[in-house]
Amino acid sequence: MTPDTPARYGTVSRWLHWGMALCVLWMFGTILGAELTDDRATQALLRNGHKHMGSLIWVLVLLRAAWALAHARQRPPSVSLPAKLGHWALYALLFAIPGIGLLRQYGSGRAFSPLGLPVFPGFAQGEKIDWMVRLGGLLHGELAWVLAALVAGHVAMAFWHRRRGGPDDVLPRMMNVAPKR
């Protein structure tokens with residue numbers, strides 16, 4: 001297991017990064033799949049899996065933020081202020097979106113036990129906390145589209161820096177590729 005260094009992210013940082021990338025990709029795939037099918041059973045299955053993965057992302061972003069803070073001195077520096085702000089925005093959205101989803105789930109009065117772990121019980125039949133449900137309905141999906149745009153920008157900038165080469169070639173920091181000269 002390699003540690004973080006000023007030139008490259010270590011094993012744990014890379015696993016957290018790519019693991020979360022796969023989780024986010026899976027999240028968008030499940031919600032798009034649920035929207036594209038007319039089969040209610042498939043929709044329910046995809047949306048239920050979406051909720052479980054969202055909970056996992058919430059835990060992973062907390063772990064990733066704690067890991068990043070604990071190893072801040074060893075990690076590669078940001079390329080620029082916009083890169084630093086973009087990463088902070090990604091972290092904020094990856095925390096806020098699942099949190100808002102959990103808030104909506106709780107407000108709906110339905111129990112929630114992702115991966116069999118009881119997070120909260122349901123309410124009596126028909127009870128709701130309307131402001132939680134409305135807030136979730138208003139922000140969860142819209143912020144997910146903002147996240148999608150930031151992720152696309154994040155990927156595009158990594159390849160743009162790769163194309164330019166030199167000290168701004170950030171791809172080798174997170175992948176097993178040689179720096180481009």
Side-chain angles (χ1 to χ4, degrees), residues 9 11-72 83-158 174:
Y9 291 101
T11 306
V12 172
S13 294
R14 284 185 278 135
W15 273 100
L16 286 170
H17 176 272
W18 292 110
M20 287 183 68
L22 288 173
C23 288
V24 169
L25 185 63
W26 192 87
M27 293 293 282
F28 281 107
T30 58
I31 210 62
L32 288 173
E35 291 296 321
L36 293 174
T37 185
D38 292 330
D39 182 52
R40 293 209 185 269
T42 302
Q43 288 174 340
L45 179 69
L46 290 172
R47 286 195 172 109
N48 192 41
H50 182 87
K51 291 176 186 180
H52 293 286
M53 186 64 73
S55 298
L56 178 61
I57 287 174
W58 210 39
V59 170
L60 287 175
V61 78
L62 291 173
L63 288 173
R64 189 168 177 200
W67 181 263
L69 289 172
H71 296 92
K84 182 180 271 195
L85 294 174
H87 283 100
W88 279 102
L90 285 167
Y91 275 108
L93 286 170
L94 286 167
F95 179 77
I97 294 167
I100 291 167
L102 282 171
L103 190 70
R104 179 175 59 189
Q105 178 76 19
Y106 180 79
S108 74
R110 295 186 307 257
F112 190 57
S113 299
L115 307 174
L117 302 170
V119 174
F120 47 78
F123 303 156
Q125 187 69 23
E127 286 187 40
K128 280 189 198 181
I129 303 173
D130 286 330
W131 73 267
M132 290 181 174
V133 175
R134 282 194 309 272
L135 180 68
L138 178 67
L139 294 176
H140 185 74
E142 282 69 13
L143 289 177
W145 286 112
V146 174
L147 176 63
L150 279 176
V151 167
H154 180 72
V155 171
M157 291 309 294
M174 199 52 83

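Values below: all heavy atoms of this structure, side chains included; hydrogens, waters and symmetry mates excluded.
Within the 3.5 Å criterion, the main-chain N or O of L46 finds no donor-acceptor partner in the side chain of H50.
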Throw together a table of side-chain donor-acceptor distances under 3.5 angstrom for residues 31-43, partners on residues two or more places apart or in other chains.
from: E35; atom 1: OE2; to: R47; atom 2: NH2; distance (Å): 2.8
from: T37; atom 1: OG1; to: D39; atom 2: N; distance (Å): 3.2
from: D39; atom 1: OD2; to: T42; atom 2: N; distance (Å): 3.0
from: D39; atom 1: OD2; to: T42; atom 2: OG1; distance (Å): 2.5
from: Q43; atom 1: NE2; to: A34; atom 2: O; distance (Å): 3.3
from: Q43; atom 1: NE2; to: T37; atom 2: O; distance (Å): 2.7

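Between C23 atom SG and L56 atom CG the span is 4.5 Å, to the nearest 0.5 Å. Y9 contributes atom OH, which lies 11.5 Å from atom CZ of R14 (distance to the nearest 0.5 angstrom). If you take OH on Y91 and CZ on R64, they are separated by 4.0 Å, rounding to the nearest 0.5 Å. The distance from the CE atom of M20 to the CD1 atom of I57 is 6.5 Å, given to the nearest 0.5 Å. Atom CG of residue L150 and atom CG of residue L93 lie 6.0 Å apart, to the nearest 0.5 angstrom. One distance of note links CD1 of I100 with CG of L143; it measures 5.0 Å at 0.5 Å rounding.
A heavy-atom distance below 4.5 Å is found between the side chains of V24 and L94. Between L16 and V12 there is a side-chain heavy-atom pair separated by less than 4.5 Å. No side-chain heavy atom of T30 sits less than 4.5 Å from a side-chain heavy atom of M53. A heavy-atom distance below 4.5 Å is found between the side chains of F112 and K51. Looking at heavy atoms from C-beta onward, F123 lies in side-chain contact with I129 at the 4.5 angstrom threshold.
Of all heavy-atom pairs spanning F95 and W58, the tightest one is O-NE1, 2.8 Å. A pairwise comparison of heavy atoms in L102 and S55 identifies CD2-OG, 4.2 Å as the closest pair. Minimum heavy-atom separation, R110 to F120: O-CE1, 3.5 Å. Nearest approach of Y106 to M132, heavy atoms of both residues: CD2-SD, 3.6 Å. Residues V133 and S108 come closest through the heavy atom pair CG2-N, 3.6 Å. Of all heavy-atom pairs between G54 and P98, the closest is O-CB, 3.4 Å.
Applying the side chain to side chain donor-acceptor pair (under 3.5 Å) test to residues at least two apart or on different chains, none of the pairs has a partner in residues 122-145.
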